[in-house]
Amino acid sequence: MKINIQKIEPYEADGVVYHADTCVPLIDAYERKKLKFKALARHTYPGERLDGNTLGLNSIGYWDANEPQDWGLDWHRNEGIEFHFLESGTMPYAQDDKEVLLTPNHLTITRPWEAHKVGNPNIGMGKFYWVIIDLGVRRPHQEWVWPEWITLTETDLSRLTKMLRHNEKSILKTDQHVRDCFKRINVAINTDVKGSNASKIRLLINYLLILILDLLDSEKIELNESLTDSSRSVKYFLNELDKNLAENWTIEQMSQSAGVGLTRFTHHCKQLTNLTPMRYLTMRRLEMSKKILLEDDKLTVSEVAYMCGFTTSQYFSTVFKKHEKCSPNEYRKSQNVNNSLVAYPGI
């Protein structure tokens, strides 16, 4: 099977730009014949293309690794809710900094805003499935919209949505019914020819959701409505900000990326950090610049400034001196001297 993948581009939802996971290590491992792989997908996900009969289903597939692997999927998010299932073998898995070793019949639940990785650093040997359904959300407070072909009753779908939104449980031990469902998904994927099994796949996903609802019921999940508060969406954005400090942020762009209105974004930011959004951004940029100044003394002040999102080196130096009472170069020299004195206390 030749892996088909669309051009890798960011996509937009509700005015916010997101970058999809492309599973590049998996593609590379498959092309090196390290494992078996089959998937049906759309957007940037690898696999044969899904058609319009399953809109909202972003990816469904599996890999089967029966020899030691030299790769893993590092921290990433998906544009939809993702269910993983391990049929056989073992699989290192981490979600929001909690790492476990999955064993057969483990099912994982990953919401769109939850970072996760597979491998530590390499994946284990095993047969591993996934289903990714786009719900039209990227942040915790946004209302979920299931694809039209999800046919659970309004009551059951509402219950399932509430249980998935109002708790953070990520790993469930399943039964034979879930295992059989994924085996039937395996057959449907393997025998699909340009959407010929779309009806079967829709039916199997609906059945899987019913089984997950039963599992959540049996777990007696404790619900917490605060998990869908807009403050949580702002908190996720602020946690991610350190990875994107070089971007030319405005307060409007920050609130859009968090998925909340400008006034509410400002309110939550003050509540969480005791700072206005732009003040918080400046402080994070300064902290990043201090770290870079000490880690790489070959970089000029101008290079450090641009890496941290400051528009000019002059503005960076002005802000830096105001907060640190010295210039960036003076800070670098003084810290290097202090480190030398610690390393050689007899001097």
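These numbers come from a predicted model, not from an experiment. Hydrogens, waters and symmetry mates are skipped; everything else that's a heavy atom, side chains included, is used.
In this structure, Val178 and Leu172 have side chains that are not in contact, with every pair of non-hydrogen atoms separated by 4.5 Å or more. Side chains of Arg159 and Asp217 form a contact here, defined as non-hydrogen atoms less than 4.5 Å apart. Counting heavy atoms from C-beta on, the side chains of Val187 and Lys200 never come closer than 4.5 Å. Counting heavy atoms from C-beta on, the side chains of Lys169 and Ile109 never come closer than 4.5 Å. By the 4.5 Å heavy-atom criterion applied to side chains, Asn206 and Leu152 are counted as neighbours. Counting only heavy atoms from C-beta outward, the side chains of Leu101 and Met91 never approach each other to under 4.5 Å. Considering only heavy atoms from C-beta on, Met125 stays 4.5 Å or farther from Asn66 through its side chain. The shortest side-chain heavy-atom distance between Leu294 and Lys290 does not fall under the 4.5 Å cut-off.
For Glu287 (side chain) and Met283 (main-chain N/O), no donor-acceptor pair under 3.5 Å exists by modelled atom type. Side-chain atoms of Glu330 come within 3.5 Å of backbone N or O of Ser327 as a donor-acceptor pair. The closest donor-acceptor contact from the side chain of Ser257 to the backbone of Gln253 lies at 3.5 Å or more, if one exists at all. Remark: the backbone N or O of Glu154 is not paired with any side-chain donor or acceptor of Ser158 at under 3.5 angstrom. Listed for the Asn197 side chain is no donor-acceptor partner under 3.5 Å among the backbone atoms of Ile201. The backbone N or O of Cys308 lies less than 3.5 Å from a partner atom in the side chain of Arg285, making a donor-acceptor pair. No donor-acceptor pair under 3.5 Å is formed between the side chain of Arg232 and the backbone N or O of Pro140. Side chain of Arg111 to main chain of Gly80: no donor-acceptor pair is present (N/O by atom type, distance under 3.5 Å, no hydrogens or angles). Using modelled atom types, no side-chain atom of His267 and backbone atom of Phe265 make a donor-acceptor pair closer than 3.5 Å. Panel note: side chain Thr228, backbone Glu225; a donor-acceptor pair is recorded below 3.5 Å.
In this structure, Tyr129 has its ring center at least 6.0 angstrom away from the ring center of His84.
Under 3.5 Å, the side chains of Glu222 and His166 contain no donor-acceptor pair of N or O atoms. With hydrogens and angles left out, the side-chain atoms of Asp180 and Gln176 include a donor and acceptor closer than 3.5 Å. Side-chain atoms of Glu79 and Tyr45 include a donor-acceptor pair closer than 3.5 Å. Donor-acceptor pairing under 3.5 Å is recorded for the side chains of His116 and Asn78. For the residue pair Lys173/Thr103, the side-chain donor-acceptor check at 3.5 Å is satisfied. Defined by atom type and a distance below 3.5 Å, a donor-acceptor pair is missing between the side-chain atoms of Ser170 and Tyr93.
Partners of Asp229 under the salt bridge (charged side-chain N to carboxylate O under 4.0 Å, His left out) rule, at least two apart in sequence or in another chain, do not exist in this structure. Partners of Phe83 by ring-ring contact (aromatic ring centres under 6.0 Å, His included), not counting sequence neighbours: none found. For Asp242, the salt bridge (charged side-chain N to carboxylate O under 4.0 Å, His left out) test picks out Arg284, with sequence neighbours left out.
In this pair, Phe320 and Tyr331 present their aromatic rings perpendicular. The plane angle is above 60°, beyond the 30 to 60° band.
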For this session: Given salt bridge (charged side-chain N to carboxylate O under 4.0 Å, His left out), test Arg77 with Glu240 step by step and report yes or no.
Result: CA-CA 12 Å; Arg77 293 180 178 83; Glu240 297 164 359; 3.4 Å; yes

Exercise. Run the side chain to side chain donor-acceptor pair (under 3.5 Å) check on Asn224 and Ser226 step by step: do they pass?
Worked result: CA-CA 5 Å; Asn224 180 0; Ser226 68; 2.6 Å; yes

Exercise. Please walk me through it: do Trp249 and Glu247 pass side chain to side chain donor-acceptor pair (under 3.5 Å)?
Worked result: CA-CA 6 Å; Trp249 289 106; Glu247 292 190 26; 4.6 Å; no

For this session: Please step through side chain to side chain donor-acceptor pair (under 3.5 Å) for the pair His268 and Ser230, ending with a clear verdict.
Result: CA-CA 8 Å; His268 287 317; Ser230 56; 2.8 Å; yes

For this session: With side-chain contact (heavy atoms from CB on, under 4.5 Å) as the test, would you mind laying out the steps for Leu293 and Leu299 before giving the verdict?
Result: CA-CA 8 Å; Leu293 284 167; Leu299 291 173; over 6 Å; no

Problem set entry | Stepwise side-chain contact (heavy atoms from CB on, under 4.5 Å) check, Asn105 with Leu86 | CA-CA 6 Å; Asn105 293 333; Leu86 184 64; over 6 Å; no

Exercise. Stepwise, does the side-chain contact (heavy atoms from CB on, under 4.5 Å) test hold for Leu216 with Leu160?
Worked result: CA-CA 8 Å; Leu216 292 172; Leu160 176 63; 4.1 Å; yes

Exercise. Going through the checks in order, is the side-chain contact (heavy atoms from CB on, under 4.5 Å) test met by Phe85 and Val131?
Worked result: CA-CA 9 Å; Phe85 177 75; Val131 176; over 6 Å; no

For this session: Evaluate side chain to side chain donor-acceptor pair (under 3.5 Å) for Ser231 paired with Gln271, printing each intermediate quantity in order.
Result: CA-CA 9 Å; Ser231 64; Gln271 288 288 312; over 6 Å; no

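Shown here is Asn239, whose CG atom has more than 12 heavy atoms of other residues, nucleotides or ligands within 6.0 Å. For His177, the NE2 atom sits in a loose shell: 12 or fewer heavy atoms of surrounding residues, nucleotides or ligands are nearer than 6.0 Å.
Of the options Tyr30, Phe128, Phe37, a ring-ring contact (aromatic ring centres under 6.0 Å, His included) to Trp63 is made by Phe128 and by none of the others. Paired with Ile133 under the rule side-chain contact (heavy atoms from CB on, under 4.5 Å), one option of Asn58, Ile205, Thr54 passes, and it is Ile205.
For the residue pair Ser88 and Pro104, the shortest heavy atom distance occurs at CA-CG, 4.0 Å. Minimum interatomic distance between Ile189 and Gly61 (heavy atoms only, all atoms of both residues): CD1-CA, 3.6 Å. When all heavy atoms are compared, the tightest approach of Asp96 to Glu114 is OD2-CG, 3.8 Å. Nearest heavy atoms, Asn122 versus Asp70: OD1-C, 3.3 Å. Across every non-hydrogen atom of Ala246 and Met307, the tightest pair is CB-O, 3.3 Å. Closest approach of Ile292 and Arg332 over heavy atoms only: O-NH2, 4.5 Å.
Cluster annotation: Leu215 and Leu223 are assigned to the same hydrophobic cluster (Ile/Leu/Val/Met/Phe/Trp/Tyr, side-chain heavy-atom contacts under 4.5 Å, transitive). Residue Leu50 is not grouped with residue Leu55 when hydrophobic side chains (ILVMFWY) are merged at heavy-atom distances under 4.5 angstrom, including chains of intermediate members. Linking ILVMFWY side-chain heavy atoms closer than 4.5 Å, directly or via other members, places Leu157 and Leu204 in a single hydrophobic cluster.
We find that Glu67 and Lys34 are joined by a salt bridge, their nearest charged nitrogen and carboxylate oxygen being less than 4.0 Å apart. The existence of a salt bridge linking Glu143 and Arg165 is confirmed by a sub-4.0 Å separation between a basic side-chain nitrogen and an acidic carboxylate oxygen.
For the pair Lys127 and Tyr62, the distance from NZ or CZ to the six-membered ring centre is under 6.0 Å and the angle to the ring normal is within 45 degrees.
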